[in-house]
J.: 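Got a structure for you, questions after.
Chain letters run A, B, ... following the sequence lines, proteins first and then strands; every chain starts at 1. All of these numbers come straight from a predicted model, not from anything done at the bench.
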Amino acid sequence: MIDPYYLQQLAIGLSQGVIYALMAIGFTLIFGVLNVVNFAHGEVYTVGAFAGLLLITAFAPPFLVVLFAVLAFGAALGFGLERIAFKPFRRFSDEASLKSRAMRESTLMSSLAVSIVVREGLEIGFGSQMQPLPFDYLINKPIELGPVTIVTGDVIIFAVAAVMLGGLQYLLKRTRIGLSIRAVSANPLGAKYVGIDTDRTIITTFALGSMMGAGAGILVGLYYGAIFPAMGFVPGIKAFVAMVMGGLSSIPGAVICALLLGLSEGLATTFISSNWADMVAYGFLIVTLIFFPQGLFGAGRERV
Amino acid sequence: MVPLLVLLVVFALVPYGLAKFGKGYFFQVAQLVLIYALLAVSLHLVTGAAGLLHLGHAAFYGVGAYVAALLGTEMKLGFVWGLPAAGLAAAALAFVVALPTMRLVSIYFAVATLAIGQMIHTVLLNWVAVTKGPNGVMLFSGINLFGWPVKSPVAVYFLVAGLVALSIWVLHRLSHSYYGNALRSLREDDQCADAMGVDTVRLKIEVFTVSAFFAGIAGALWAYTTGYVSPGDFGFNTSILVLAMIVVGGLGSLPGAIIGAALLILLPEVLRGIGDLRNVMVGIVMFVSILFLPKGLLGEVSALSLVRRGFGLKWGSAPSEREVGWR
Amino acid sequence: MSLLDIRGLTVAMGLQEILHGVDLTVPERGIVAVLGSNGVGKTTLMRAISGIYSPKAGSILFRGENIARLKSHEIVARGLLQAPEGRQIFASMTVLENLAIGGGRHGLAELDRVLALFPVLGQRRGQMAGSLSGGEQQMLCIARALMARPSILLLDEPSLGLAPKVVKSIFDLLAQIRSEGLSILIVEQNAKAALRIADRAAVMEGGRIVIEGPSADLAGDPRIVEAYLGGHVH
Amino acid sequence: AETVKLGYQLPLTGNTAQYGQDFKTAAEIALARFNASGRIPAKVEIVFEDSRSDAKEGVTIARKFVDDEKIVGVLGDFTSGVSMAAAQVYKEAGMPQLSQTASHPDYTKISEWQFRNITTQAGEGPYNADWMVAKGYKKVAVIAEQTDWGQSVTKYFADEIAAKGGKVVLTEYFNRGLPDFRSLLTKIQREKPDAIYTGFFYEDAANFLKQMKQLGIAIPVFSTSAAHNQKVIELAGADAEGLSLTTNFLPNSPKPEVKAFVAEWVKIRGAEPGQFPAQAFDAVNIMLEAVVKTYPKSTRAAIRDALAATKDFPGVTGSTTFGADREPVKQLSKVRIVGGVFTPVAD
Amino acid sequence: MSLLEIENVTRRFGGLVAVDGVSTRVETGELVGLIGPNGAGKTTLFNLISGFTPLSAGAVRFKGEPIQGLKPHRIAARGMSRTFQNLRVFPNMSVFDNVSVGAVGAMGQSAFAAVFGRRSRADAISARTWEALERVGLGGVAEDLAANLSYGKRKYLEIARALAMKPELLILDEPAAGLNDSETADLARFIRSLNGEGLSIMLVEHDMNLVMGICSRVVVLASGRKIADAEPAVVRADPAVLEAYLGVDE
Ligand SMILES: Nc1ncnc2c1ncn2[C@@H]1O[C@H](COP(=O)(O)OP(=O)(O)OP(=O)(O)O)[C@@H](O)[C@H]1O
Ligand SMILES: Nc1ncnc2c1ncn2[C@@H]1O[C@H](COP(=O)(O)OP(=O)(O)OP(=O)(O)O)[C@@H](O)[C@H]1O
Ligand SMILES: [Mg+2]
Ligand SMILES: [Mg+2]
């Protein structure tokens, strides 16, 4: 019989991992299609949470309404973000040889700039402190599973992440739009030649990814009962790490790695100390990359 | 000659102008610009020239600062020893972490450097026995050059400016030379560079180490000029700030890195007047500059031809009589 | 009626003008070859037709409709497909997925026919396209364009990197699919082969079309062959 | 008449802006009252500069203040890190610096120019330790944020509790802003301590308390004045119930100066002030008092001497006296959250 | 001793045997053609020789020493340089800088020398770069960005970059692809003159005029196996080659 203490710690680590996974799904989707690190994804998460907060304080609608409204809002955010920070730089992708380099650099910076403006803007608008939420919206009622205690949010977030992952896998592997997304991600110029509307595909991807990001934001906000302008920073980094560790192109890979990251942090707290948890998580990443230079589930480098 | 004149202006006339105002504030800001220019130029070598997205540069800056501060307080080793030691320590650490990770390419490399940076930061913050952890380290001794205390703002400024100029000169020689060409080939197509006989892994390790060395020097300068170091200054945000400097200035362009550093240090200071909105403004300025000049304020192509005209080679016997090589 | 009618097409990259008023016509069920040495603007012309570059001036009439300002996907939707220079396949996807994407709304309806033309691709259907050999990638590129049931096919140096035997079979194939009702605009360095199947040919130089006429005339004029086509056709 | 200028460096933007904004409001209340009182025939002006809790900005601001000859005293910064980096400049230039919150043990040791009016953990830690031992809690788990302040929380507390025959069964640090304390909580629970002593600010406090309830852990929690903020109750609701802590500011105290300050604050902010704004309010008033004492010869050196001579200053956080080490001597009181209110307790 | 000896070289990708027990050699001063249908394994064989793909079995010797398992840059340093089937120039670098990388790769340039080194060293690299540039006739566009070159010029640029290494063996993968007849003829003359200066060359090409016109020996691969290895005239008449590769009426 395993010591219930360890079971409990395992459960906590996993629930942390599921939160990272929730964020990583949207992040990986967006990265996949443009090969661009979207620094503003963390802000989408935050803005999603704030949108939910405003909605709750203004109208106090039922939980599901909040969730779906935030998802819709997130999609709109993604649309706007793409228009502002990414679309203007797409003109360079035409010049065949200079292809994506100029684009990568400039969107790296434009998304960073947007994220700065949004975060600072939120701080001015709401202050940088945590915003309290009405308690009955919080999804943190304890559930006892034998010796292990989890909360309602764990179940909800797990379910949402599973639905997102499954839906996305279905979309990418089985539908035409999914095929288009993958085609644009593999070769945007090539996609034009086969008649894919690349602009629309990219926008769709952004809308989808941001929808998931914003949804993650409000869910996690309700889970911890705390919403504040800098809340997207840590999950953003962790999602980025999980994505790369998973091998960039594989969303299930990113999810698995997110779970591993969460677990490794939980275990680090259990066996070492909370303040060294990052060390363990990042050390784990480095070791993984030393043995799998293309991530755990990544494809090999292209042949010469 | 032109660049030398420019340097002269920067290093001599600027403080003269500042001295006219008689303000320590201006020296402080100018000094910060110089330290960050060094940081940016050292990052330029890795990220701009060699094309390796480095997201943990601030950590090596921090190692340099801590080594300088700890040597000063614990071993009573002053500036003369502490400065090179800081650079060497940062370089040594970079070398060790580079050995297993430099096989990585593209975004895998980026995330590995992110992890390295965060790990170093975690150590600075939590290894209380050595780094004093969150308490930081206070360095009272000030700067002492072979028995000559350097105290006045002007003197400190000159010292920092001189050291930064020297360091940037070295980085310039690396970047604007055939060695720099090899670095750029690494960025363009590492497999192809490999076929041209360029030892890509060794080159990456070298350039990562050299860059860390100068980040360490920058850190030491920060420690000596500020007198107090604490882990908060060497986190991910600082890495991103330095990255933003070189991208805004023009990725791949050494003068651009300096311009970017100046811009992103000066801008928040200049905007103090507008109050809490100033950081929003910084973001907007960054956005607008990258929107209209996506290749940076002084992009690589123009920067290289500029530098070439100043420091390049006149190839007399070639039929075209044009200056394209490096000295 | 001509299927594709290009009039006064001018294309510029930044400040530099690359095509200066190109006129070219592809008749229904016709094969037109565009010849010319490196860097004269052939690829630029092809890209402009497919909507990758938007022209500075001029019109491109396809079945009477001006498509010069349309987006690339709208052009493809009208049945104008290109096998571009540089292949532009989806390297990280399998051969079959490449073909499925190429099929567009027809999906894999054409698969059997296309695989019959390129049996190698059938053998490699599950392989990542990026790991194919150069010639196999070129075949994939052409096959992908055929998957969409084009009414006009644009080929930018289709013989590039293909073995002589395959080149021959591809040109035979072009003649055959033309007889099934397809029009073809082909850019080729292999002037001999191109002139053999083409009805008409145009020679480009410096971003302009300098000679245009029935291909037999061009091939028969030794001065033209000397001056523009580089060498000896016969 | 001419004006006397003071500088205030504080984070008005960035992650810790909420604290800086509180300080600014407190300072404005104090200043408005002072200027209205006409105690000196000149106006006092405070120059606020935003440091973002960033050391390089903090140092730059320090230089700026030092350059302005009219500025005779400086308040701030918020974190010890920035305060100490700036302190090096003030030390060189001879500028009195009074921080409302810098709690680094070495801060006042930098030079004779550094003051603070927050009690350090050297006082608060033992006070809490004694309190807990008196209540019979001898096996104690200690957690604190990984900052210089958190370090001093555990150190002074552990020394005293050991001296009183108690035992620290677990000491652990966490990074400020940690969203999930449950791993840590589970670990604490396993040690079965009588009580938990915590060094955190109100936001971490709220998270910690909520998650503790979720896990069904019922161990008494003690904390420092840093957690004394209405926001804990707002954020954690009923889960905050029972949190015991020390403070030197009681917003519902009957003292007139407290009443006036709280009333003013509520008018502007709509909620009761916590410990930190009160701390800033007193700091500004102490500085203003020094201006009064030295006027019209308010030089930097004079202000410094006047500050050093501060004795029994009646502030909202109790009376303040600076010792020879420029550290404040203050009284602490015990409060507990009962029925959603910080309630003074005697035990 | 042959310059390059390839012995029973095999490479498998999963179930596919891309190169299957191929043995051949290149003598000093020879100009060898390698032909075969698409997917025959020609590029793979080049990758095996130049170190980009590890061997599954067999041995490769260069100047008498085994080179299998060496990193590409080590092999390059021993005097073998190559071009790629799909053009791989450094697009955001000038033509001159592109070529100089070959010179730097061959001559070596340490960080220390770059900073404090004597000018003569940089001058030697420049000289070699110019020499290679002039050799292929790109001296006039030395300052242009490689990305702005036309296709044909990029081909020469790749060759110049390889020449700047002063190799003993030059490996060219489809150098004439995308060139028209007269350009191909120019290229053929150029390759032959390189060979005439004593450079050993091995090339893959689908242009039979070029291969048959300039090569002293032709190796034919099909499905990873060597099916012929002889003078051009002999290969051209070989029924197996006709069947597998040339097509019957060529
Ligand atoms: N993006 C661009 N920016 C600047 N110049 C360009 C660009 N693309 C092409 N050019 C120039 O336009 C001219 C025509 O190029 P294009 O690719 O159309 O030639 P081509 O006839 O297809 O040649 P090839 O036979 O080599 O394929 C060339 O001189 C080329 O340098
Ligand atoms: N990494 C790989 N994974 C799987 N198959 C591969 C890989 N690399 C090459 N192949 C296969 O090996 C075979 C040989 O390829 P190679 O590129 O050597 O052919 P080639 O002779 O150069 O052909 P071409 O003339 O078309 O360039 C091809 O069928 C190719 O699909
Ligand atoms: Mg072309
Ligand atoms: Mg090949």
J.: Is the closest side-chain donor-acceptor distance between E:Ser126 and B:Tyr178 under 3.5 Å?
T.: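 There is such a pair (donor and acceptor under 3.5 Å, judged by atom type) between the side chains of E:Ser126 and B:Tyr178.
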J.: Counting only non-hydrogen atoms closer than 4.5 Å, does E:Arg121 touch chain B with its backbone (N, CA, C, O), its side chain (CB onward), both, or neither?
T.: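 For E:Arg121, no heavy atom lies under 4.5 Å from chain B.
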J.: Identify which part of E:Ala111 has an atom lying under 4.5 Å from any heavy atom of chain B, answering side chain, backbone, both or neither.
T.: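 Contact with chain B involves both backbone and side-chain atoms of E:Ala111.
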J.: Which distance, rounded to the nearest 0.5 Å, do you find between the CD of B:Glu188 and the CE of E:Met93?
T.: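 Between atom CD of B:Glu188 and atom CE of E:Met93 there are 6.5 Å.
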J.: May I ask you to name which of B:Ser185, B:Ala193, B:Gly180 has the most heavy-atom pairs under 4.5 Å with chain E?
T.: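 Top count of heavy-atom pairs under 4.5 Å with chain E: B:Ser185.
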J.: Of the non-hydrogen atoms in E:Arg161 and B:Cys192, which two are nearest, and what is the gap between them?
T.: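 Scanning both residues, the minimum pair turns out to be NH2-SG, 3.0 Å.
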J.: So which of B:Val301, B:Asp199, B:Val198 has the biggest tally of heavy-atom pairs under 4.5 Å with chain E?
T.: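 Sorted descending by pairs with chain E, the first entry is B:Asp199.
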J.: Quick one: of E:Pro72, E:Ala76, E:Ser100, E:Gly102, who has the most non-hydrogen atom pairs under 4.5 Å with chain B?
T.: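 Sorted descending by pairs with chain B, the first entry is E:Pro72.
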J.: Please rank B:Gly252, B:Ser305, B:Ala182, B:Ala195 by heavy-atom pairs under 4.5 Å with chain E and give me the top one.
T.: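 Most pairs with chain E among the choices: B:Ala195.
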J.: Stepwise, does the side chain to side chain contact (heavy atoms under 4.5 Å, CB included) test hold for B:Tyr179 with E:Val115?
T.: CA-CA 9 Å; B:Tyr179 187 78; E:Val115 179; over 6 Å; no
J.: Without hydrogens or angle criteria, can the side chains of E:Asn92 and B:Glu300 be said to hold a donor-acceptor pair below 3.5 Å?
T.: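 E:Asn92 vs B:Glu300: no donor-acceptor pair found between side chains.
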J.: What's the separation between atom CZ in B:Arg187 and atom CZ in E:Phe90, rounded to the nearest 0.5 Å?
T.: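 Result: 10.5 Å between the selected atoms.
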J.: Over all heavy atoms of both residues, which pair between B:Asp189 and E:Arg88 is shortest? Give the atoms and the distance, please.
T.: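 Of all heavy-atom pairs spanning B:Asp189 and E:Arg88, the closest is OD2-NE, 2.8 Å.
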J.: For E:Phe190, I'd like to know if atom CZ has over 12 heavy atoms of other residues, nucleotides or ligands within 6.0 Å.
T.: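 More than 12 within 6.0 Å, yes.
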J.: Side chains of B:Thr200 and E:His73, heavy atoms from C-beta outward: is any pair under 4.5 Å?
T.: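 Side chain of B:Thr200 against side chain of E:His73, heavy atoms only: no contact under 4.5 Å found.
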J.: Counting only non-hydrogen atoms closer than 4.5 Å, does E:Val104 touch chain B with its backbone (N, CA, C, O), its side chain (CB onward), both, or neither?
T.: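 Only the side chain of E:Val104 comes within 4.5 Å of chain B.
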J.: Heavy atoms, side chains only, cut-off 4.5 Å: are B:Glu206 and E:Ser110 in contact?
T.: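 Answer no - side chains too far apart.
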J.: Rounded to the nearest 0.5 Å, how far apart are CZ of B:Arg184 and CG of E:Asp97?
T.: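 Between atom CZ of B:Arg184 and atom CG of E:Asp97 there are 6.0 Å.
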